[in-house]
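I have placed the structure first, in the form of structure tokens, so that the comments after it can refer back to it.
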Amino acid sequence: MNVVVIGAQWGDEGKGKIVDYLAEDAKYVVRYAGGPNAGHTIVVDGKQYALHQVPSGILYNDKKVFLGSGMVIDAEAFFNELQMLKENGINWEGRVFISDRAQLILPRYRQMDKDRDAARKRPIGTTGRGMGIAYAEKAHRDGVRLADLDWPEKMAEFDGEDKAYLDKYRDQLLSMRVNMAAEMHKVKGENILFEGAQGAMLDIDSGTYPYVSSGASCAAGASSGCGIGPHDLDQIVGVFKAYQTRVGNGPMPTEFNNESEGELCQYVRDTGREYGVTTGRARRCGYLDLVALRYACRVNSLDGLVLTHLDIYDAMDQIEACVAYDINGKEVTDFPANVKEMEAAKPILKKFTGWKKELKNCRSFDELPQQAKDYINFIEEYTETPITIVSVGYERDDTFIRKNPWKK
């Protein structure tokens with residue numbers, strides 16, 4: 001079975017925890033896109049791990065993990081991350097592999113990334129990790145891939161800081177390289193978990209362009225970034241939070257109004273720990289956007305949804321979710337491509353009664369209070385997609401499955 005896990009919002013949905021949870025039944029975990037700007041937080045037995053480039057399945061000592069062809073890799077940050085894992089008792093040696101087609105981020109890309117964003121009339125709000133430059137160089141056919149480290153003529157094109165950097169990490173990187181297409185064919189029939197980065201609404205093609213990431217965070221990226229064909233993807237699940245967050249600039253129709261909803265925003269931000277794993281900056285928060293979520297379900301052919309952070313609403317008397325937009329007096333239920341329309345959109349909200357009960361110990365749908373069930377049932381009906389997994393806390397075990405994606 002090949003199972004794909006993507007973010008169904010603007011990133012930070014809890015993918016790391018869900019990948020870690022589902023990885024128990026996988027033999028291999030493959031990260032197919034993104035780079036060091038991604039932050040995946042996993043809590044196991046009260047201990048927190050912050051991963052950026054290494055696939056979340058690494059915490060299981062019997063799993064092999066792969067960094068796919070669609071990734072852009074910062075070698076310095078990557079090896080620092082591996083050292084952190086080693087210091088925390090995670091033996092990664094012999095279990096981490098990199099596609100020979102993955103692109104490398106050169107140190108100077110970081111400043112170039114910041115400078116390019118600062119020069120924009122409408123800054124994207126980049127993390128400044130050099131990813132945008134690496135993907136741009138890839139599109140220009142001027143990038144450097146892991147395979148190129150073994151190509152003398154290509155390496156002769158680099159000098160100075162670039163050459164010193166590539167020489168420093170060359171042998172370590174080449175010792176981990178694999179041909180992804182060959183590897184995936186070799187293990188065909190095994191349980192493989194494909195891990196996305198960022199979220200569907202940040203995909204370069206189907207996201208809120210130009211306020212998007214530079215890679216393929218859509219479900220299709222699992223195929224293009226891992227050396228397998230689309231027919232080989234058996235199940236695709238999208239992770240979303242019970243509310244909405246976004247990092248950086250760009251339209252977010254359901255964002256809380258700081259003047260009238262500032263207290264609610266701060267409550268959700270603090271209770272949900274909505275601060276960036278990579279940057280530490282506070283995330284923008286808002287009501288669950290069902291218009292955007294349904295769009296993400298449709299363009300990614302989601303077989304199921306994974307609901308996280310449901311417990312953040314435990315103490316609230318009332319919950320609201322966006323079921324349509326008011327755009328210049330017109331009610332809109334399809335997610336628009338036009339940035340001006342998205343910026344003008346005002347959420348049309350539906351109210352739900354809160355459950356006023358702690359959900360952390362719930363381990364089945366039947367154990368949830370009726371109000372929480374009603375909220376879940378409405379989301380399923382609106383998006384026309386079943387919610388197959390529910391997370392009610394940060395720990396690995398604070399999760400229950402309604403339909404197992406590993407079973408056809």
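Small disclaimer: the values here were computed from a predicted structure and weren't measured.
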Under a 4.0 Å N-O cut-off, is there an ion pair linking [X] with [Y]?
{"X": "Lys163", "Y": "Asp167", "value": "yes"}
{"X": "Lys15", "Y": "Asp20", "value": "no"}
{"X": "Lys351", "Y": "Glu320", "value": "yes"}
{"X": "Arg170", "Y": "Asp150", "value": "yes"}
{"X": "Glu190", "Y": "Lys27", "value": "yes"}
{"X": "Asp303", "Y": "Lys403", "value": "no"}
{"X": "Glu274", "Y": "Lys241", "value": "yes"}
{"X": "Glu395", "Y": "Lys360", "value": "no"}
{"X": "Asp314", "Y": "Lys357", "value": "no"}
{"X": "Glu343", "Y": "Lys340", "value": "no"}
{"X": "Glu183", "Y": "Lys64", "value": "no"}

Side chains of [X] and [Y]: is there a donor and an acceptor less than 3.5 Å apart?
{"X": "Tyr325", "Y": "Asp289", "result": "yes"}
{"X": "Tyr275", "Y": "Asp270", "result": "yes"}
{"X": "Asn377", "Y": "Glu381", "result": "no"}
{"X": "Gln9", "Y": "Gln244", "result": "yes"}
{"X": "Ser391", "Y": "Thr308", "result": "no"}
{"X": "Thr208", "Y": "Arg246", "result": "yes"}
{"X": "Glu261", "Y": "Asn257", "result": "no"}
{"X": "Thr353", "Y": "Gln318", "result": "no"}

Would the distance check show the side chain of [X] and the main-chain N or O of [Y] forming a donor-acceptor pair, the cut-off being under 3.5 Å?
{"X": "Arg273", "Y": "Arg269", "value": "no"}
{"X": "Glu195", "Y": "Ser56", "value": "yes"}
{"X": "Ser223", "Y": "Ile228", "value": "yes"}
{"X": "Trp406", "Y": "Leu22", "value": "yes"}
{"X": "Asp113", "Y": "Ile133", "value": "no"}
{"X": "Asp148", "Y": "Val144", "value": "no"}
{"X": "Asn300", "Y": "Ala219", "value": "yes"}
{"X": "Arg294", "Y": "Glu384", "value": "no"}
{"X": "Arg116", "Y": "Gln111", "value": "no"}
{"X": "Trp92", "Y": "Leu82", "value": "yes"}

So [Y] and [X], do their side chains get closer than 4.5 Å, heavy atoms only?
{"X": "Val291", "Y": "Tyr382", "value": "yes"}
{"X": "Met184", "Y": "Val30", "value": "yes"}
{"X": "Leu104", "Y": "Asp74", "value": "no"}
{"X": "Met112", "Y": "Tyr109", "value": "yes"}
{"X": "Arg31", "Y": "Val54", "value": "no"}
{"X": "Leu302", "Y": "Val237", "value": "no"}
{"X": "Phe78", "Y": "Ile105", "value": "no"}
{"X": "Tyr243", "Y": "Thr254", "value": "no"}

Working to the nearest 0.5 angstrom, can you tell me the gap between [X] [atom1] and [Y] [atom2]?
{"X": "Ile236", "Y": "Cys218", "atom1": "CD1", "atom2": "SG", "answer": "9.5 Å"}
{"X": "Leu106", "Y": "Leu166", "atom1": "CG", "atom2": "CG", "answer": "5.5 Å"}
{"X": "Leu85", "Y": "Tyr49", "atom1": "CG", "atom2": "OH", "answer": "8.0 Å"}

Proximity of Phe66 and Phe97 rings by center, below 6.0 Å: yes

Quick check: closest heavy atoms across [X] and [Y], and the distance to 0.1 Å?
{"X": "Leu202", "Y": "Ser217", "value": "C-OG, 3.5 Å"}
{"X": "Tyr32", "Y": "Cys226", "value": "CB-SG, 3.2 Å"}
{"X": "Met131", "Y": "Val72", "value": "CG-CG2, 3.8 Å"}
{"X": "Lys373", "Y": "Leu368", "value": "CE-O, 3.2 Å"}

Please say whether more than 12 non-hydrogen atoms of neighbouring residues, nucleotides or ligands are located less than 6.0 Å from CZ in Arg101. no

So does Lys356 have more than 12 non-hydrogen atoms from other groups sitting under 6.0 Å from NZ? yes

Taking the six-membered ring of Phe365, is NZ or CZ of Arg402 closer than 6.0 Å to its centre and within 45° of its axis? yes

On the ring face of Tyr60, is Lys63 found with NZ or CZ under 6.0 Å from the centre and within 45° of the axis? yes

Which of Lys154, Lys168, Arg108 passes salt bridge (Lys or Arg N to Asp or Glu O under 4.0 Å) with Asp162? It is Arg108

Derivation of the salt bridge (charged side-chain N to carboxylate O under 4.0 Å, His left out) call for Asp12 and Arg283: CA-CA 9 Å; Asp12 309 307; Arg283 295 176 184 137; 3.3 Å; yes

Which residues share a ring-ring contact (aromatic ring centres under 6.0 Å, His included) with Tyr165, sequence neighbours left out: Tyr169

Could you walk me through whether Asn191 and Tyr28 pass the side chain to side chain contact (heavy atoms under 4.5 Å, CB included) test, one step at a time? CA-CA 7 Å; Asn191 279 359; Tyr28 307 97; over 6 Å; no

Which is it for Asp171 and Leu149 under the side chain to side chain contact (heavy atoms under 4.5 Å, CB included) test, yes or no, and what are the steps along the way? CA-CA 9 Å; Asp171 291 343; Leu149 297 178; over 6 Å; no

Tell me, with the steps shown, if Leu290 and Leu288 meet side chain to side chain contact (heavy atoms under 4.5 Å, CB included). CA-CA 6 Å; Leu290 290 173; Leu288 174 61; 3.7 Å; yes

Can you say whether the rings of Phe352 and Tyr375 are parallel (under 30°), tilted (30 to 60°) or perpendicular (over 60°)? perpendicular

side-chain hydrogen bond (donor to acceptor under 3.5 Å, both in side chains) between Gln370 and Asp374, intermediate numbers included: CA-CA 6 Å; Gln370 187 59 49; Asp374 292 342; 2.8 Å; yes

